[in-house]
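Below is one structure, written out as structure tokens; the observations come after it.
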Amino acid sequence: MFYYDILATEPLREVDTMGLLDGKVALITGAARGQGRSHAQLLAEEGADIIALDICKQLDTVHYAMSTPEDLEETVRLVEKTGRRIVAKQVDIRDYDALKTAVTEGVSELGRLDIVLANAGIMTQSLEPHTLNREEWRDGIDVMLTGTWNTLQITSPILIDGGRGGAIVITSSVSGLRPMYTDLSGGFDSYCAAKFGVVGLARAYAAGLAEHSIRVNTVHPTGCDTPMVNNDFFPAYMEGNMKTAMAFQNTMPVQMVDPIDISRAILYLVGESGRYVTGIQLPVDAGITYAS
């Protein structure tokens, strides 16, 4: 396609208008809102079709409003606005069989799978007296660690069978890179354990899938401006846990990063730019881990 200078009568240059991910299909968990929606929108803008998965219901151990079916519908609208196709499913990634069905149907409809973003996550932190302590631990581990393992188990064979290589990115956290101060609750402990745990999973899968040209990395955001932290509960939690609040002080002059900042880092990892990048932990942390 030729683009013209307003004052010129001849074409000045030929511009490649193809997207970085044209022809690819990306599966995203936790896609109804927040970082997951941002990832879906950016990857679609770059040419990818999307399989968007989200639980879209409330868990008793989560003290902020979780995603809804209407949130997932908005993700669908934003992706379709780019001209790309999207298959959206309400599914709990803790349920292996239901997840496998959703993934299989999505891949069947869109014809292939190239990119997997294991992004789904929750915070089950609570204020004292931590009356749901064991339930908070169970749900945090089940969603962020077991759910991520389920996602890897189901999608890895599809990527291998595709024979085209691929890219997997797991969303961890700065809490998966540096020690934090436990409040002795199941919610806080499950978050830290899961976010460290997925780093181990990613490194193991990076080694195991390398021969198939499938790359596996983790991304580690600092506080990100999404409904997970931008709600009424989270400030109260931080006020009651000042050591944790102080540990989340960015060294750069910004309180939180934006979802698009994480999406752009992921685009680097899953695109041609990251074709030989695997087994790494990529912080998008405004300097938190550097200063620790």
According to a hydrophobic-cluster definition based on side-chain heavy atoms being under 4.5 Å apart (Ile, Leu, Val, Met, Phe, Trp, Tyr only), do [X] and [Y] belong together?
X      : Y      : result
Ile160 : Val103 : yes
Met256 : Ile262 : no
Val107 : Val91  : yes
Ile122 : Leu72  : no
Val270 : Ile28  : yes

Measure the [atom1]-[atom2] distance between [X] and [Y] for me, rounded to the nearest 0.5 Å.
X      : Y      : atom1 : atom2 : answer
Ile214 : Thr278 : CD1   : OG1   : 9.5 Å
His212 : Asp161 : NE2   : CG    : 9.5 Å
Glu73  : Leu78  : CD    : CG    : 12.0 Å
Gln255 : Phe248 : CD    : CZ    : 12.5 Å
Gln281 : Phe196 : CD    : CZ    : 10.5 Å
Arg138 : Leu59  : CZ    : CG    : 9.0 Å

Does any non-hydrogen side-chain atom of [Y] lie less than 4.5 Å from one of [X]?
X      : Y      : result
Asp60  : Glu135 : no
Leu267 : Leu21  : yes
Leu184 : Asp189 : no
Glu136 : Ser190 : no
Asp71  : Asp54  : no
Val198 : Leu145 : yes
Cys224 : Val284 : no
Asp49  : Ile86  : no

[X] side chain to [Y] backbone, donor-acceptor under 3.5 Å:
X      : Y      : value
Asn150 : Ile93  : yes
Asp142 : Thr146 : no
Asp258 : Asp261 : no
Glu46  : Leu42  : no
Asp95  : Ala98  : yes
Thr104 : Lys100 : yes
Thr151 : Gly147 : yes
Gln58  : Val62  : yes
Asn217 : Gly279 : yes
His220 : Pro283 : no

Is it true that [Y] and [X] share a donor-acceptor pair across their side chains at a distance under 3.5 Å?
X      : Y      : result
His39  : Ser263 : yes
Asn230 : Tyr64  : no
Arg37  : Thr75  : yes
Gln153 : Tyr205 : yes
Ser185 : Asn133 : no
Asp139 : Thr124 : no

Which atom of [X] lies closest to which atom of [Y], heavy atoms considered:
X      : Y      : value
Ser126 : Asp183 : O-OD2, 4.1 Å
Arg164 : Asp114 : NE-OD1, 3.6 Å
Ala44  : Val79  : CB-CG1, 3.9 Å

Do other residues, nucleotides or ligands put more than 12 heavy atoms under 6.0 Å from the CZ atom of Arg203?
-> no
Are there more than 12 heavy atoms of other residues, nucleotides or ligands under 6.0 Å from atom CD of Glu70?
-> yes
Which residues share a salt bridge (Lys or Arg N to Asp or Glu O under 4.0 Å) with Lys24, sequence neighbours left out | none
Show the numbers, then the answer: is there a salt bridge (Lys or Arg N to Asp or Glu O under 4.0 Å) between Glu272 and Arg275?
-> CA-CA 5 Å; Glu272 201 56 21; Arg275 62 180 180 161; 3.6 Å; yes
Between Leu43, Thr29, Leu27, which is the residue that forms a side chain to side chain contact (heavy atoms under 4.5 Å, CB included) with Leu117?
-> Leu43
Going by the angle between their ring planes, with limits at 30° and 60°, are Tyr237 and Phe188 parallel, tilted or perpendicular?
-> parallel
